[in-house]
Protein chains: 2
Amino acid sequence: MKLRTNGIVFQVAELRDNAYEHVSRELRRLGLNDLAPSHGLILITLYREKALSLKDLSIRINKKKSSTTELVDKLIRLGYVEKTASSDDQRVKLVRLTQKSLSHKDDFKELSDNVNGRLYQGFTAEDKRELMRLLNKALANY
Amino acid sequence: MKLRTNGIVFQVAELRDNAYEHVSRELRRLGLNDLAPSHGLILITLYREKALSLKDLSIRINKKKSSTTELVDKLIRLGYVEKTASSDDQRVKLVRLTQKSLSHKDDFKELSDNVNGRLYQGFTAEDKRELMRLLNKALANY
DNA sequence: TCTTTTTGGTTCGGTAACGAACTAAAAGAA
DNA sequence: TTCTTTTAGTTCGTTACCGAACCAAAAAGA
């Protein structure tokens, strides 16, 4: 089969869009109907790092700070996280999980595995390593 | 350096976002301030394929038909494309370029080269082939 | 100390994209 | 031919995301 080597950005974008669609389906399957992929990413990040400032969170999820404020505010409205002022810096607000989201931890582990696993279907360990290497190499160009 | 092999979807998404940001900057640099990456993709597609129905166009750019209608309507409003009813099927509307967009053909060729070239910076021919192979393999999983 | 600059966060207006509901034309079944 | 189903496209309400302007606290300079 013929392999095009131009239009690489479009291929990356298409893959992202397909994967994100899959994330949305998985969220719906878990009954988390009103969450978008980015909300899920915030929760997954917080399972790992417990408490993060909005700034650090925005860096982790690769979104602008205004977007992060809005995403977090929605998660607060839905009861998944809470925002508390930091004691040593009055500007900083720390975001952390609630009981509600902690109870979904296993769901998100499963979701993450499903989503990454699907992209990787049929990949050898070497394929995975190689794809990750090339993506990191490309990411370093920005 | 350590190479993580999980979180692949997030890496893909980050790469896409960085590349799209680059596209937006390039569009601004060319004075095409009110165009988003998707508009550019529509024009690039039409340079190649001359006239396309909204349905076929939506497949090419990987967007839903309602989104495609809206993207095209904006391009019409700005004078870059026109929409004409097909003669043999009254439902179909064909989208084609105008003089204005034809005059920008070289700009878009350059933009496309810049954008793909940047992602590929430092890549050997073998790297490029390998990345494209792995992306296609992943895309086949959806 | 007092002033200026930087930094963390929010607000607001605008846009791309979506899904659902809809219209009209074409194709298929009867 | 007439009825039903499929297909192409649009409309509309909603959402994620952004940039710009803004506020307040902290840090840096004077």
Side-chain angles (χ1 to χ4, degrees), chain A residues 13-14 16-25 27-28 32-43 51-78 80-95, chain B residues 13-14 16-25 27-28 32-43 51-78 80-95:
Chain A
E14 191 171 350
R16 184 215 91 127
D17 292 341
N18 289 353
Y20 265 40
E21 223 174 286
H22 185 207
V23 174
S24 299
R25 276 198 304 276
L27 285 167
R28 260 181 274 123
L32 306 166
N33 288 296
D34 29 23
L35 297 192
S38 297
H39 298 120
L41 184 54
I42 288 178
L43 296 180
L52 282 173
S53 68
L54 278 156
K55 178 192 168 59
D56 287 343
L57 189 54
S58 79
I59 292 170
R60 301 286 192 291
I61 67 172
N62 207 36
K63 296 270 173 294
K64 301 300 169 192
K65 51 184 187 165
S66 63
S67 309
T68 306
T69 293
E70 289 163 4
L71 290 165
V72 166
D73 283 351
K74 173 158 186 181
L75 285 172
I76 291 172
R77 216 178 320 122
L78 297 173
Y80 292 103
V81 303
E82 54 189 18
K83 203 161 51 173
T84 59
S86 162
S87 49
D88 43 315
D89 187 335
Q90 288 304 115
R91 291 171 306 178
V92 174
K93 296 187 183 171
L94 295 171
V95 183
Chain B
E14 191 171 348
R16 185 217 90 128
D17 291 340
N18 289 352
Y20 265 40
E21 223 174 286
H22 186 208
V23 174
S24 298
R25 276 198 304 278
L27 285 167
R28 261 181 274 123
L32 306 165
N33 288 295
D34 30 22
L35 298 191
S38 297
H39 298 120
L41 184 54
I42 287 177
L43 296 180
L52 283 173
S53 68
L54 278 157
K55 176 191 170 62
D56 288 343
L57 189 54
S58 78
I59 292 170
R60 300 287 193 291
I61 67 172
N62 207 35
K63 296 270 173 295
K64 302 299 170 195
K65 51 183 187 165
S66 63
S67 310
T68 306
T69 293
E70 289 162 2
L71 290 165
V72 165
D73 284 351
K74 172 158 186 181
L75 285 171
I76 292 173
R77 218 178 320 122
L78 296 172
Y80 292 101
V81 304
E82 54 189 19
K83 203 161 52 172
T84 57
S86 162
S87 49
D88 42 315
D89 186 334
Q90 288 305 115
R91 293 170 305 178
V92 174
K93 297 186 182 172
L94 295 171
V95 183

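Residue numbering restarts at 1 for every chain, and letters A, B, ... go by the order of the sequence lines.
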**Q** If you measure from CD on A/Glu21 to CZ on A/Arg16, what distance do you get to the nearest 0.5 Å?
**A** 10.5 Å
**Q** How about A/Tyr80 and A/Leu32: do any of their side-chain heavy atoms sit closer than 4.5 Å?
**A** yes
**Q** If you measure from CG on B/Leu43 to CD1 on B/Ile61, what distance do you get to the nearest 0.5 Å?
**A** 10.5 Å
**Q** Given C/dA25, C/dA16, C/dA20, identify the nucleotide with an atom nearest to the side chain of B/Asp89.
**A**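 Per side-chain heavy atoms of B/Asp89, the pick is C/dA25.
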**Q** Counting any heavy atom closer than 4.0 Å, what does B/Lys64 reach on the DNA or RNA strands: base, sugar-phosphate only, or nothing?
**A**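 Contact class for B/Lys64: sugar-phosphate only.
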**Q** Could you give the NZ-to-C1' distance, from A/Lys55 to C/dG8, as a whole number of Å?
**A**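 Taking NZ of A/Lys55 and C1' of C/dG8, I get 8 Å after rounding.
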**Q** Mapping A/Leu54 and B/Leu71 onto DNA chain C by nearest heavy atom, which one lands closer to the 5' end?
**A** A/Leu54
**Q** Distance under 4.0 Å to a non-hydrogen atom of chain B counts as contact; along DNA chain D, which nucleotides mark the start and end?
**A** D/dT7 to D/dC12
**Q** Measure from CG on A/Asn33 to P on C/dA20 and round the result to the nearest Å.
**A** 12 Å
**Q** Rounding to an integer number of Å, can you tell me how far A/Lys65 NZ sits from C/dT11 P?
**A** 13 Å
**Q** Please report the closest heavy-atom contact between B/Asp17 and A/Lys63, naming both atoms and the distance.
**A**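 Scanning both residues, the minimum pair turns out to be OD2-NZ, 3.9 Å.
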**Q** To the nearest Å, how far apart are B/Leu57 CG and C/dA17 P?
**A**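 Atom CG in B/Leu57 sits about 12 Å away from atom P in C/dA17.
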**Q** Nearest heavy-atom pair of A/Ser58 and A/Lys55: which atoms, and what distance?
**A** OG-O, 2.7 Å
**Q** Whole angstroms only, please: what is the CD1-C1' distance between A/Ile59 and C/dT7?
**A**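 Value for this atom pair: 12 Å.
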**Q** More 5' along DNA chain C: A/Lys83 or A/Glu21, using each one's nearest nucleotide?
**A** A/Lys83
**Q** A/Glu70 has an atom CD; how far is it from atom C1' of C/dG9, in whole Å?
**A**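 About 12 Å, once rounded to whole Å.
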**Q** Separation of A/Arg28 atom CZ from C/dC18 atom C1', in whole Å?
**A**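 Taking CZ of A/Arg28 and C1' of C/dC18, I get 11 Å after rounding.
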**Q** Assign A/Ser53 to base, sugar-phosphate, or nothing according to its heavy-atom contacts below 4.0 angstrom with the strands shown.
**A** sugar-phosphate
**Q** Taking atom types as they are modelled, would you say the side chain of A/Lys93 forms a donor-acceptor pair with the base of C/dG9 within the 3.5 Å cutoff?
**A** no
**Q** I want to check something: taking the side chain as every heavy atom from C-beta on, are A/Asn62 and B/Asn18 in contact at a cut-off of under 4.5 Å?
**A** yes
**Q** In whole angstrom, give the distance that lies between atom NE2 of B/His39 and atom P of C/dT15.
**A**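 So the two atoms are 10 Å apart, to the nearest Å.
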**Q** Counting just side-chain N and O atoms, does B/Ser38 come under 4.0 Å of either OP1 or OP2 of C/dA17?
**A** yes
**Q** Using the closest heavy atom to pick a nucleotide of DNA chain D for each, name whichever of A/Lys74 or B/Thr69 lands nearer the 5' end.
**A**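 Comparing both residues, the 5'-ward one is B/Thr69.
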**Q** Rounded to the nearest 0.5 Å, how far does OG1 of B/Thr69 lie from NZ of B/Lys83?
**A**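 Result: 6.0 Å between the selected atoms.
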